[in-house]
Amino acid sequence: MQKIIYRWTLVLLMMVGTTRLMAAEITPADDNKFTVSGYIKDKNTGETLIGANVYVKELQTGAAANLYGFYSLSLPKGTYTLVYSYIGYEQLVNEVALSENKTINIELSPTQNNIKEVVIVSKKENENIANTEMSVIKLDNKTISKIPVLMGESDLIKSIQLLPGVQSSCEGSSGYNVRGGSADQNLILLDEATVYNASHLMGFFSVFNSDAIKDVKLYKGDIPPSFGGRLSSLLDVRMKDGNNKKYTASGGIGLIASRLTIEGPIVKEKSSFMLSGRRTYFDLFLPLFKKKDSAMSESRLYFYDLNLKVNYDLNKNNRIFVSGYFGRDMFRYTDEFNFLWGNNTETIRWNHLFGTKMFSNLTMLYSEYNYELGSNSGTPKFKWESDMKDVSLKYDFNYYLNTNNTLKYGAAGTIHYFNPGVFSIKESKDEYKLPKTNALEYALYMSNEQKLGALLTIDYGLRYSIFQNMGKATLNRYDNNHNYKDSVVYAKGKIFNTYSGFEPRVSGSYLLSEVSSIKGSYSRTRQYVQLASNSTGGSPLDVWFPSSPNVKPQISDQFNLGYFRNFNKNAYETSIEAYYKKMKNQVDFKDYANLLLNDKMDGDLRFGTAWSYGTEIMIRKNSGKLTGWVSYTLSRAEKKINGINDNKKYLANYDHTHNVSIVLTYELSKRIDVSANWVYITGSPTTLPTGRFYYGNTIIPVYSDKNAARMPDYHRLDLSITLKGKEKPGQKFYGEWNLSVFNVYNRKNAYSIFFEQDKNNPQQMQAYKMSMFPIVPSITYNFHF
Amino acid sequence: MKNIKFIMLVITILFLAASCKKKIDLNLNNEEFSRLVVEGTITDEDKQQIIRLTKTSDYSNPQAPIPATGAIVSVTDGANTYSFTESASGVYKSNGNFKGEVGKTYNLSVYFDNKEYTASSMMQPAFTLDSLYALPEYDGYSIYINAQESPISKQYYLIKTIKNGILNDTLKNWSFFSDDLINGLYLQDFNVAWLEASPGDTIQLETFSISKEQYEYISTALQTQSTPIPFLGSNPANIKGNISNGAMGFFQVSAVSMKGCIIQ
C-alpha cells in the first residue's frame, strides 16, 4: 500500500514539476505572443459557464471555456474584437489592445426573452460544426426542467433517454443503454465522483435533483482520454457552484416530492455555497391504508437527496471546491422488514493557474454505494449488507500552448473496495459472507487538440490504464467447465493480478463550409468493473465486481462518422452519425444464474463478444419560441456468448431497431410554455416458449432461441404546460405552476409478457401482458426568490 | 435463502401495485419438435416403482401430455437391474416391488425412438418429521413442523402437501429448501407450507430427500412460472434436468417420509 502511495506521489510530483517548467519557460520565450485568459461567468449568479465561447473576429479563431469556465488564448500583439457567447446568454463584445498578458473575466447575462433574437450573429455560434466533438450532447438545467415527466419530477436521466443513440433499459428505469452497450458500461460522474447506482425507488426516479445541477454532458462514443473505466459512455454531471452575488432560494412542491435549494455568497464574489435537498412523501399516504392493514401505516417508503457545494476563490490563481452528495432510499414494512440503499459521493477540487496558459485541477474523490436489508422482528431476524467504495486522486492539466494547440494531460488513481455481501442471522449467529476484495485502477493520459489550417481540427490522445487486484482477497478458481476447483487467499496489500493497456482516442473535424462539417472518431475503451445483474433495468441489490484472473477486462473499439449541418443562421443544428462498436470479453450470466449472495458467482459467468451498429439523426433547435429536438436512431445490438443460446448469436435485451423521440417546447406567451414529447421504440427482444411439458401438474415451457421474439412496439406521448406568475418590476418572488400528463393517450405498453394456466382449463396457457404506467397527471409548483 | 424470496416477493408486489395485467392474444411460433420428457421417482418404499414418459408438445395447444409409448426402461444400482414394463400408455412400472436404499446411486436407462437416454441420481437420507400442526393464517392454514435436520451438510428437501388424501402436485404449492443456513439444527415451529383448508381436514406432509441438482431443477422450474419483471431480471431459458441426450424432465431418487395432522 505504502509503495503505491509513494509511486503515485512521485508521478504527481513529476507532473507538477514539468508543468512548472513549461509554464515558466515557454511563456516568456514566446515574445511576440500574449495571452488573454480568464473565467466566463453568469452575471446574475457568478456560476462559471462550462463550454462558453470566445471568438476572435480578426483571426477567425477562438476557444471554449473548460469545465471550470476558464479560457486562454495566445495571440500576437494587436487589437482584437473578442466575442463572448453562450447558448441562452447575450453576447458580449470586447475590444482588447493586447500588448501584455491580460486577464479578462467576463460575465454574460442570460437572454431575457427569446422573442428578440440577438442581432449580431457571430461565427462562433456554429461551435457544434467547428469543434471535433461528436457523439456528444449537452443538456442544461433549463432544458431538462421543461421536459414533461412522470409525476412532474424533472429528471436528468429520463431526459437523457430521449436522446438519439440512448435507449431506456426498461420502462420506468433509470438504466440506459448507449449505442448497444449494457447499462453498466456507462460512467456516471457527479462532480467527477462515480455514481454507482443512479436510481431511486426502483428506478422510477434518478438520483439527480435537477435543481442542484448546472450542466450535463453525455459522451456516446468519443470519450476524452482523461476519462475511462467504462466502455460505452460518459455522463458528466456538474453541480451548481452556488450564487456568489446574492442569496437565492428555489424549490418546488410536487405530488410526490418537494425540493428546496438555497444558495448564496459566503464572502461576496469570492466564495459561495449551494445546498439542495429533495424528499418524496409517498409514504405519507400510507396511513390511508389503515383500515385495511394497520401495518401499512407503520411502513415507510421514501427517498431523499442532499447536494452540497462550497467554493472559495483564494486568489486569482487558486480556487477550491468542496462538494458532496448523499442520497438514501428507505423501504420499511413495520419492524419485519427494512431495506435501504443509497449513494454517497464527495469531491474536493483545487483549481490552480500556473501563469496564464496552464490550468490545473487536483481532485480528491470518495464515492460509495451500499445497501442494507434486515428484519428486526421476523423469523428469522436477519441482516444483509453490501457496499462498495472508491477513493481516488486525479490531477489534470490544460495547457493552452497557442491558438492551434491545446494540450490536456494528467493522471488518476483509484482504490476500489468491494464488499459484495454479508448475510447474518441473529438466532443462529450464522454469518454467510462473500469474500471482500480490493483493486487499484490508475491511468495516465494526454491529448492535444490541434488546428491544422482553418478547416481541419484533430484531437488525438492516449490513455494508459492499469488495473490490479489486491489482497486481502479470496480468489476462487474454476476449471474449464466453470466448476469450482479451489480457492487461494491473498494477504493484505498483495497484488495478485495486473491488467493494463493503451486506449487511443482520435477525433477530427473538417469544415466543408461555415455551416457544415464532417467528423470522424475512433476510440478504444477498457472496463475493469462490471455489474452483476441479469435484469434489464438494474436493481438496488446488484453488486459490482472487478476484473480478476477469472474475468478479463472488457475492451471496446468504436468507430464513428458524422455529418453536421446548421440551417437558418445556426438556429437549427442537424447531424447524422453512424457508429460501429465491437466489444471483447463481454460478461453474461448462465441461464438461471444466481447473482444474489453467491460466493461462487464467477462460475456462473459466461464470456463472449458483443457488437452494435447504427445511425442517429438529430435535428435540434436551441433558440426562438420553439425549442427542442427530433431524433431518430436505427440500430442493432447483438451478442455471442459461449454457453448461452447454444453459442449462437442473439439480440441484446436492449436492441431496439427504431427509436424516435420528439421533444418540443413552445413559448405561447411570456407566461405560458407548453411542452410535449413523444417516443416510439421497437419492442424489446424477448424469449417466448414454443413447447411445453408437465412437471407434476404444472406446465413447464420449452424455449427455442434466446430473444427471438419481440414485445409489442412502445409509444407514448407526454404533455406539460408551465404557467408563470405575472412579473412586476421590483418583484422578488417568482412562482410557476407546472401541469403535466404522462402517457396522454393511455397506451398500455407491454412491460412484460407472461403466461398462466387457465383456471377453468388447466391445459390452456393464457397469455397476459403487464403494463406499468397508465395516464398519470401531476401538478408541481416551482418557485425562486 | 427464504428471505431473499420474501424480499423478491415484496419488490414484486411493489411493482405489481403500479402495474396492470391484461389478457392478450399472442401468436406463438409453434415450431416445437417433440422431445422426450422423463418424470419418475425411485423411493425407499417397497413398491412397484413408476417412471412416466411423455413428449413435449406445442405450447399454445391445450392438450394433455402426449405419452411416449414403446420405450425400453430399466434402472440399475450397479448390482441389480430392474426392468420396467409399460402398464398404461407412457406409464412404466417395475416388474415387481423393490425399494431404493440411502447412499446408493441409481442409473436410469431409456431406449426410445432409436435413441438412448440416461440419468443417474443418489438417494439421500430421509427428512423425518417429529410432529406438525396447522395455524390459521391469511384465510388459510400455515403448516409448522418440528424436526431434526441431519448433521450432514448439503442436504436438500422437497415437501408436498396431501389434503384428505389428495396430493397437491402443483409446483407453486411445493415447498423445497436446502440446509445451507439450518444445517444440523432442530427445526422448531418451522413454517413449511400454507394451504386452503377447513377444520376437520386431514393434512399430510410427504417429505422427499432430493439431490442438489434436483433442488436447482425445481427452483428453476418455479422461476419459469413467475411473472417476469424486467427490472428484476428475467431471461427465460430451458430448465436443465439430469437426463442426457437433450431430453427434458428429471429422474428423482428420494427417501420419503409421511406425517399428518387434523386441522382443529
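Chain letters run A, B, ... following the sequence lines, proteins first, then strands; residues in each count from 1. The basis for the numbers below is simple: all heavy atoms, side chains too, and nothing from hydrogens, waters or symmetry mates.
- Within the model, atoms OH of B:Y59 and CD1 of A:I700 stand 9.0 Å from one another, a figure rounded to the nearest 0.5 Å.
- Residues A:Y768 and B:K23 share a closest heavy-atom pair of CE2-CG, 3.4 Å.
- Using a 4.5 Å cut-off between heavy atoms, B:Q225 contacts chain A through its side chain alone, with no backbone atom that close.
- Atom OG1 in B:T220 sits 12.0 Å away from atom CG in A:N594 (nearest 0.5 Å).
- Smallest separation of non-hydrogen atoms from B:W174 and A:G696: CZ2-CA, 4.2 Å.
- Other residues, nucleotides and ligands place no more than 12 heavy atoms under 6.0 Å from the CD atom of B:E196.
- A:R692 contributes atom CZ, which lies 12.5 Å from atom OG1 of B:T224 (distance to the nearest 0.5 angstrom).
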Pair B:F250-A:Y695, ring-ring contact (aromatic ring centres under 6.0 Å, His included): steps then yes or no: CA-CA 9 Å; B:F250 206 94; A:Y695 187 33; 7.9 Å; no
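- Neither the backbone nor the side chain of B:T54 has a heavy atom closer than 4.5 Å to any heavy atom of chain A.
- Counted within 6.0 Å of NZ on A:K648, heavy atoms from surrounding residues, nucleotides or ligands total more than 12; the atom is thus considered enclosed.
- Within the 3.5 Å criterion, the main-chain N or O of B:L171 finds a donor-acceptor partner in the side chain of A:T698.
- Heavy-atom neighbours of B:R52 CZ from other residues, nucleotides or ligands within 6.0 Å: at or below the threshold of 12.
- Contact check for B:K22 versus A:S771: no side-chain heavy atoms found under the 4.5 Å cut-off.
- The closest donor-acceptor contact from the side chain of B:R35 to the backbone of A:F693 lies at 3.5 Å or more, if one exists at all.
- Residues B:P65 and A:Y694 come closest through the heavy atom pair CG-CD1, 3.2 Å.
- Heavy atoms closer than 4.5 Å to chain B are found in both the backbone and the side chain of A:K769.
- B:D139 CG: 12 or fewer foreign heavy atoms inside a 6.0 Å radius.
- Atom-to-atom distance recorded for A:I699:CD1 and B:S57:OG is 8.0 Å, nearest 0.5 angstrom.
- Contacts of A:F303 classified as ring pair (Phe, Tyr, Trp, His ring centres under 6.0 Å), with partners at least two apart in sequence or in another chain: A:H200, A:F205.
- A distance of 8.0 Å separates CD in A:Q757 from NZ in B:K172, rounded to the nearest 0.5 Å.
- When atom types are taken as modelled, the side chain of A:Q766 and the backbone of B:I24 share a donor-acceptor pair closer than 3.5 angstrom.
- A donor-acceptor pair is defined here as one N or O able to donate and one able to accept, closer than 3.5 Å; no such pair exists between the side chain of B:Q223 and the backbone of A:Y592.
- Proximity to chain B (any heavy atom under 4.5 Å) is shown, for A:L595, by neither the backbone nor the side chain.
- Ranked by heavy-atom pairs under 4.5 Å with chain A, the list B:G249, B:A237, B:A221 is led by B:A237.
- Both the backbone and the side chain of A:N697 come within less than 4.5 Å of a heavy atom of chain B.
- Residues of residues 238-246 of chain B that come closer than 4.5 Å to chain A, counting heavy atoms only, are B:N238, B:I239, B:K240, ordered by residue number.
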